[in-house]
Structure formats: C-alpha cells, structure tokens
Amino acid sequence: MKNKKYEAIVEKHKPEEKRVQHAGIAFLTGGILGLCGELLLEGYTHLFDLSRSEATVYMLVTFIFLASLFTALGFFDKMVSFARCGLLIPITGFAHSMTSAAIEYRKEGPVYGVGSNLFKLAGTVILYGVVSAWFFGMIRYLLEMGG
Amino acid sequence: MIYILSFLFCGTVCLIAQVILDNTKLTPGHITSIFVVVGAFLDTFGIYDMFIKYCGGGALLPITSFGHSLIHGALSKTPSTGFIGLLMGMFDLTASGITAAIVFSFVFSLFFKPKN
C-alpha cells in the first residue's frame, strides 16, 4: 500500500521527457559531427597530401583531442547533457569517458586513482569489441577455410 | 553527395541510440557496447566497408567503426599468418585512437582539476 502511494507520487513528479526533442537534437549533433568528420577528412587529404586511411587517423585523433580538451576544461559535460547520444556515440564519447575518469580519480593518486580507473567506462567498449571481433573473425576465417 | 550521406549516417546512428536510451532502461555504457558489437558484426561480411565507401567520415566517427576497425585489422592479418593473425592484428587499426585517448587523458589529468 505504502509502496503504491510512493510510486504514484514519484510518477507525478517525474520530469516529462521530451523524447522527440531529444531524438532530434541527437540526430542533428551526430549529423553535424559526421559532416565535420568528412570535411576534416577531405581537408587533411588535400592539405597534407595524405592517403585516405592516414587522413582517417588524423581526423579521429583531432576529435579525440578536442573531446579530451573540452572535458578537461569542464564544459563537455554540459554539452553531453544537452546533446546526449549525439556526442556519446561518436568517438568523442569514448575520449570523454576516459578523460573524465582520469580527472575525477586523480586525487586518489597516479596508480590506484588514475591508473586503475582510466578504463572504468571505456573498458566495456574495448572488452566487448575485442571479444565480438575475435568471435566474428573466427567465423569468417573458418568459413573461408571451408569454402 | 558524400557530405549529405555522412550527415545522415552519423545522425541516424545517434538517433537510434537516443531512441534506445529514452525508451529502455539501458545506460549509454550498454548502448555503446551494443553498437561496437553491431559494428563488428556488420564488418564480418563487408557491409560496413560499403558504408565507409559511400558515407566517408560519417561512418568512421560513430563507435560502430571501432568494432569495424578491430575485426578489419584482425582479418587483414589472417592471409599471411593464419589463425594466429586474428590475435596479432586485432589492434592494428584502432591503436592510434586508443593511444591518443590514453595519452591525452593522462596529460590533461595532470593539469586540470575536477570542476565540482
């Protein structure tokens, strides 16, 4: 009985989620980032006379650097709470999770703070990426051996 | 044309993630993990390469391309070294991104304090 009352009160005070608006903002920010990525890629290939795969590395490092810098300066969190998945799903989210973990735990020391917490959030991405890539790679390899 | 496609592709990936985030109990951590696995799966039969060919930077930015790069590096080593190439080539293409993220976050953690 008490629980039900409590749940009713919680339901009443829940902030009304603007799902459509969130989705639109995420779409726009993600799209703009993708567009910037393509522009940078083209720019690097022409400016420094790089091959497309080398320019890809430069482009990704640029984004990682900017995301880390903005996180360190402290206003990337506000941008994330505004754009949500628009900033978390591109590679900027990966860099953001690592830098914020590093800065948050720095007061606990360089080894047990920064060292052991750096991959706290990014670790899942690497773990499941590597395991799934190995698994799918095995399937592809065996198929090529058999066929 | 490639600019429009990269806008649409990257935007759509983020849109799907945002819809999942808003309508389920999954956290951003779950979603990025799922997307990496999806990216690795799509590259198993070369589908993600097509996205990269037509969408360019828009397909390289989302975290799905991380899974794609992992398996792409692994598979590119198998013709010369066989089965063990899967282990040798795994980080070939993603090494730059991971190293950059580690170095930058360490350096910035030396100079900046948490804001709150």
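Letters A, B, ... mirror the listed sequences (proteins, then strands); counts begin at 1.
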Exercise. Between A:Met59 and B:Leu61, does a side chain to side chain contact (heavy atoms under 4.5 Å, CB included) hold up when you go through it step by step?
Worked result: CA-CA 9 Å; A:Met59 185 265 283; B:Leu61 263 187; 4.1 Å; yes
Proximity breakdown for [X] and chain B, heavy-atom pairs closer than 4.5 Å:
X	result
A:Leu127	neither
A:Ile25	neither
A:Leu40	neither
A:Leu60	side chain
A:Phe136	both
A:Leu118	side chain
A:Phe94	side chain
A:Phe135	neither
A:Met98	both
A:Val114	side chain
A:Leu41	side chain
A:Met138	both
A:Leu28	both

Roughly how far, to the nearest 0.5 Å, is the [atom2] atom of [Y] from the [atom1] atom of [X]?
X	Y	atom1	atom2	value
B:Met90	A:Ile126	CE	CD1	12.0 Å
A:Leu35	B:Phe9	CG	CZ	15.0 Å
B:Phe66	A:Ile91	CZ	CD1	6.5 Å
B:Ile52	A:Thr56	CD1	OG1	7.5 Å
A:Tyr128	B:Leu70	OH	CG	15.0 Å
A:Tyr58	B:Ser96	OH	OG	11.0 Å

Problem set entry | Residue pairs fulfilling side chain to side chain donor-acceptor pair (under 3.5 Å) with at least one residue in residues 130-147 of chain A, sequence neighbours excluded | A:Arg140-A:Glu144
Problem set entry | Of all pairs that satisfy side chain to side chain donor-acceptor pair (under 3.5 Å), the ones with a partner from residues 33-56 of chain B, not counting sequence neighbours | B:Asp43-B:His72, B:Tyr48-B:Thr64, B:Asp49-B:His68
[X] portion near chain A, given a 4.5 angstrom heavy-atom threshold:
X	value
B:Ala17	both
B:Phe41	both
B:Ile20	neither
B:Leu60	both
B:Phe83	both

What is the minimum heavy-atom distance between [X] and [Y], and which atoms define it?
X	Y	result
A:Val61	B:Ala100	CG2-CB, 4.1 Å
A:Ile103	B:Ser109	CG1-CA, 3.9 Å
B:Gly56	A:Arg52	CA-NH2, 3.6 Å
B:Tyr3	A:Glu42	OH-CG, 3.4 Å
B:Cys14	A:Ile89	SG-CB, 4.2 Å

If you count heavy-atom pairs within less than 4.5 Å of chain B, which of [options] leads?
options	answer
A:Gly24, A:Ser53, A:Ser68, A:Ala67	A:Ser68
A:Ala72, A:Ala122, A:Ala102	A:Ala72
A:Ala23, A:Gly37, A:Pro110	A:Ala23
A:Gly137, A:Ala95, A:Gly74	A:Gly137

Could you state whether [X] and [Y] fall into the same hydrophobic cluster, counting links through intermediate Ile, Leu, Val, Met, Phe, Trp or Tyr residues with side-chain heavy atoms under 4.5 angstrom apart?
X	Y	value
B:Ile31	A:Leu121	no
B:Ile71	A:Val130	yes
A:Phe63	A:Leu50	yes
A:Phe70	B:Phe106	yes
A:Ile64	B:Phe111	yes

Exercise. Just wondering, do A:Thr71 and B:Phe108 contact through their side chains at under 4.5 Å, heavy atoms?
Worked result: no
Problem set entry | B:Phe35 side chain reached by A:Val125 side chain, heavy atoms, under 4.5 Å | no
Exercise. Among B:Ile98, B:Leu86, B:Val36, which residue forms the greatest number of heavy-atom pairs with chain A at distances under 4.5 Å?
Worked result: B:Leu86
Seminar exercise, completed: Checked B:Leu87, B:Leu21, B:Ile102, B:Ile4 vs chain A; the most non-hydrogen pairs under 4.5 Å come from B:Ile102
Exercise. Who else is in the cluster with A:Tyr112 when I, L, V, M, F, W and Y are joined by side-chain contacts under 4.5 Å?
Worked result: A:Val111
Exercise. Do any of residues 75-87 of chain A have a heavy atom less than 4.5 Å from a heavy atom of chain B, and if so, which, in residue order?
Worked result: A:Ala83, A:Arg84, A:Cys85, A:Gly86
For this session: For side chain to side chain contact (heavy atoms under 4.5 Å, CB included), just list the numbers for A:Leu69 and B:Phe104, CA-CA rounded to whole Å, side-chain angles, deciding distance to a tenth of an Å, and then say yes or no.
Result: CA-CA 8 Å; A:Leu69 181 67; B:Phe104 291 146; over 6 Å; no
Exercise. Does any N or O in the side chain of A:Arg106 come within less than 3.5 Å of the main-chain N or O of B:Leu110, such that one atom is a donor and the other an acceptor?
Worked result: yes
